[in-house]
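We name chains A, B, ... by the order of the sequence lines, and we start the count at 1 in each one.
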Amino acid sequence: MKKSYQAPRGMRDVLPENMPAWQRLEGTARHLARLFGFSEVRPPLMEETTLFTRAVGEVTDIVEKEMFTLQKGKTSLSLRPEGTAGVVRAYVQAGYAKRDPLQRMYYCGPMFRYERPQKGRERMFTQFGVECIGSSDPRLDAEVMDLAARFFEELGLTGLEVRMNSMGDGEDRDRYRAAVTDFLRPKLGEFCELCQSRFERNVLRVLDCKNPACGELSMGAPVLIDYLGEENRAHFEAVQSSLRDLGREPCVDTGIVRGLDYYTRTVFEIHAPAIGARSALCGGGRYDHLVRDLGGPDVPAVGFAIGFSGTLILLEQLGLLEGLEREAPEVYVIGFSAEQKSEVLKVAGDLRRGGISAIYDVDGRSFKAQMQAAGKGTHKYAVILGDDEVERGVVQLKDLGAKSQIEVPRDQLVEAIRSAL
RNA sequence: GUGGGUAUAGCUCAGUUGGUUAGAGCACCGGAUUGUGAUUCCGGGGGUCGGGGGUUCAAGUCCCCUUAUCCACCCCA
């Protein structure tokens, strides 16, 4: 009978007590983005459905079954399942290509996918991503990878691997795909069922099947790098050397094949071996034709996206979130008895007008209970007033950390706290 | 989408082969001289046992359905 509500499946509340950790991630993201010259962009959370199908690829799971789609009359809108498409659309719509082609943009916000929830995989999840649109300079590929790696390093994570690969471009990829198909076809029957379906849907995925038997059969398969054209090979080399310029040793992993259709040339992932097989915390790469494919001019781009939930899980596991406490007001105002109710409110008001955060007890609790409340959170000071203080126009200012206490005239309270802070 | 596990107080969990008023720790509230936070001691509030249906004299316990969550698969930032 009684209806009780819960958050929708796969979506969770970030409660005040979780905020410090989240703000740390967001703060780090914004700080680094700024450091690298990226500006924030905030496209709508929904776009025309076809924007995503065009960008992400028709046969990907994302498009086939994971989008939250809303039909209103003739328009079909979908909640964004990833960030790049919207940013690219905004780039095109704003006309940047003509007036200011090179744009370094970042975003941080919720994405939506209708998937079966699991640890580290929610229907509404948060990503921090950057998109550098308007140039194919290999230094940008390296820079973007560096930024992604720095994000994790800044949070205290070490031992992460930045693995990169090149997927080539149109022709290279076609030639390579054909070579892989030829290579696999003769022994296709020996692969697992899944691989057989992958063979039809996205041949390259067969190569990173986790089934050991399939892995063995794939041994000796053609390697994409060998199929790169002159220009793309040079680009790949240049990205690696730029990475070295930034003090990072490139780690080439020919197994990396991003799932999304739009990637070209550079692709990379950042892994945390500490969390096992499902270790990718970040994925990204170059998408030189997406802008054009979405109806814009033919400008190249490179970017990445980092999921917050995986990052948070890892930070939690490593105990790097300890000591992050919910923020409490600086001052807790205490009245000795109910008599001071009104004076307590006045003092709190004065403090707030003076730019100092303050709260007080509203449950009419005992003096002792108020002291306990003051000592519990991260309040820095307790301001205490009883009959005597009210009469004399003073308050007791107690430093809760140092446990020291001084008497201060009411009209000098704000100043006293300011100078002590 | 497929397979499996779990669901008891705000949190972490006990609860025997079905059998009286469902427990603990932590947390919360009050008190131990109505002017100072810890520890300790005493006391207290709080659960229609996730929801619905069924079997039974009797269901937290057994069966079915449902919702959520977790794990693996699928897929993937």
Side-chain angles (χ1 to χ4, degrees), chain A residues 1-12 15 17 56-57 59-66 80-85 107 110-123 125-129 148 192-195 197-198 201-202 205 208-211 256-263 267-271 276-285 303-311 332 334-340 363-377 379 381-389 396-405 407:
Chain A
M1 226 41 192
K2 247 187 320 185
K3 164 94 178 153
S4 71
Y5 289 100
Q6 322 185 2
R9 183 170 201 194
M11 307 193 184
R12 55 180 90 225
L15 296 171
E17 59 262 38
V56 173
V59 297
T60 55
D61 272 32
I62 295 185
V63 161
E64 284 181 340
K65 47 194 183 201
E66 296 177 358
R80 60 184 188 188
E82 56 95 51
T84 303
Y107 58 85
M111 305 294 161
F112 303 82
R113 286 189 202 179
Y114 188 84
E115 293 185 277
R116 185 103 165 221
Q118 223 177 97
K119 198 184 196 76
R121 217 173 65 176
E122 289 141 354
R123 289 185 172 183
F125 54 100
T126 302
Q127 286 190 336
F128 160 51
C192 67
E193 257 178 59
L194 242 150
C195 279
S197 95
R198 279 197 269 244
R201 293 165 52 89
N202 189 348
R205 284 257 156 235
D208 52 22
C209 180
K210 286 165 209 112
N211 186 328
I256 294 180
V257 189
R258 308 256 73 234
L260 306 182
D261 274 5
Y262 56 64
Y263 286 108
V267 288
F268 69 94
E269 292 178 354
I270 296 185
H271 288 258
R278 280 183 59 77
S279 63
L281 293 171
C282 164
F304 69 72
I306 291 172
F308 273 17
S309 41
T311 308
Y332 196 100
I334 296 173
F336 182 68
S337 72
E339 310 275 307
Q340 286 82 42
D363 296 322
R365 295 194 293 175
S366 68
F367 176 72
K368 179 176 177 167
Q370 293 182 66
M371 276 307 295
Q372 283 174 347
K376 194 160 300 170
H379 306 285
Y381 299 98
V383 166
I384 304 165
L385 57 166
D387 278 340
D388 181 44
E389 284 82 2
Q396 301 297 331
L397 174 60
K398 176 157 190 167
D399 183 321
L400 292 164
K403 301 177 197 280
S404 57
Q405 182 170 319
E407 187 171 291

Rounding to an integer number of angstrom, what distance separates [N] and [M] when you compare their [atom1] atoms?
{"N": "B/rU61", "M": "B/rG54", "atom1": "P", "answer": "14 Å"}
{"N": "B/rU66", "M": "B/rA77", "atom1": "C1'", "answer": "32 Å"}
{"N": "B/rG23", "M": "B/rU8", "atom1": "C1'", "answer": "10 Å"}
{"N": "B/rG15", "M": "B/rA9", "atom1": "P", "answer": "15 Å"}
{"N": "B/rG46", "M": "B/rA24", "atom1": "C1'", "answer": "15 Å"}

- Query: Is the aromatic ring of A/F336 within stacking range of B/rG35, meaning centres under 5.5 angstrom and planes under 30 degrees?
  - Reply: yes

- Where along nucleotides 65-71 of chain B does protein come under 4.0 Å, by heavy atom, of base (B) or sugar-phosphate alone (S), with - for untouched nucleotides? --SSSSS

- Kindly assign one of parallel, tilted or perpendicular to the pair A/F128 and A/F304, based on the angle between their ring planes and the thresholds 30° and 60°. perpendicular

- Message: Expressed as a whole number of angstroms, how long is the span from A/F367:CZ to B/rG31:C1'?
- Response: 17 Å

- Message: Tell me the interatomic distance from A/I334, atom CD1, to B/rU34, atom P, rounded to whole angstroms.
- Response: 18 Å

- Query: OP1 or OP2 of B/rA38 less than 4.0 angstrom from a side-chain nitrogen or oxygen of A/Q372, does that happen here?
  - Reply: yes

- Item | A/S366 vs B/rU34: side-chain N/O to OP1/OP2 distance below 4.0 Å | no

- Query: For RNA chain B, what is the dot-bracket line, given that a base pair needs Watson-Crick (N1 to N3, plus N6-O4 or O6-N4) or G-U wobble (N1-O2 and O6-N3) geometry with both distances under 3.5 Å, and | means paired with another strand?
  - Reply: (((((((..((((.....[...)))).(((((.......))))).....(((((..]....))))))))))))....

Is [X] side chain donor-acceptor paired with the [N] base, going by distance under 3.5 Å alone?
{"X": "A/Q405", "N": "B/rU36", "result": "yes"}
{"X": "A/K398", "N": "B/rG37", "result": "yes"}
{"X": "A/E66", "N": "B/rG1", "result": "no"}

- Would you say A/R121 and A/S309 make side-chain contact, with heavy atoms under 4.5 Å? no

- Query: side-chain contact (heavy atoms from CB on, under 4.5 Å) with A/E122: which of A/R9, A/R12, A/M111?
  - Reply: A/R12

- Provide the closest heavy-atom pair for A/I334 versus A/A382 in the form atom of the first, atom of the second, distance. CD1-CB, 4.2 Å

Just the table, please: protein N/O against nucleotides 25-28 of chain B N/O, every pair under 3.5 Å.
from   : atom 1 : to     : atom 2 : distance (Å)
B/rC28 : OP1    : A/K376 : NZ     : 2.9

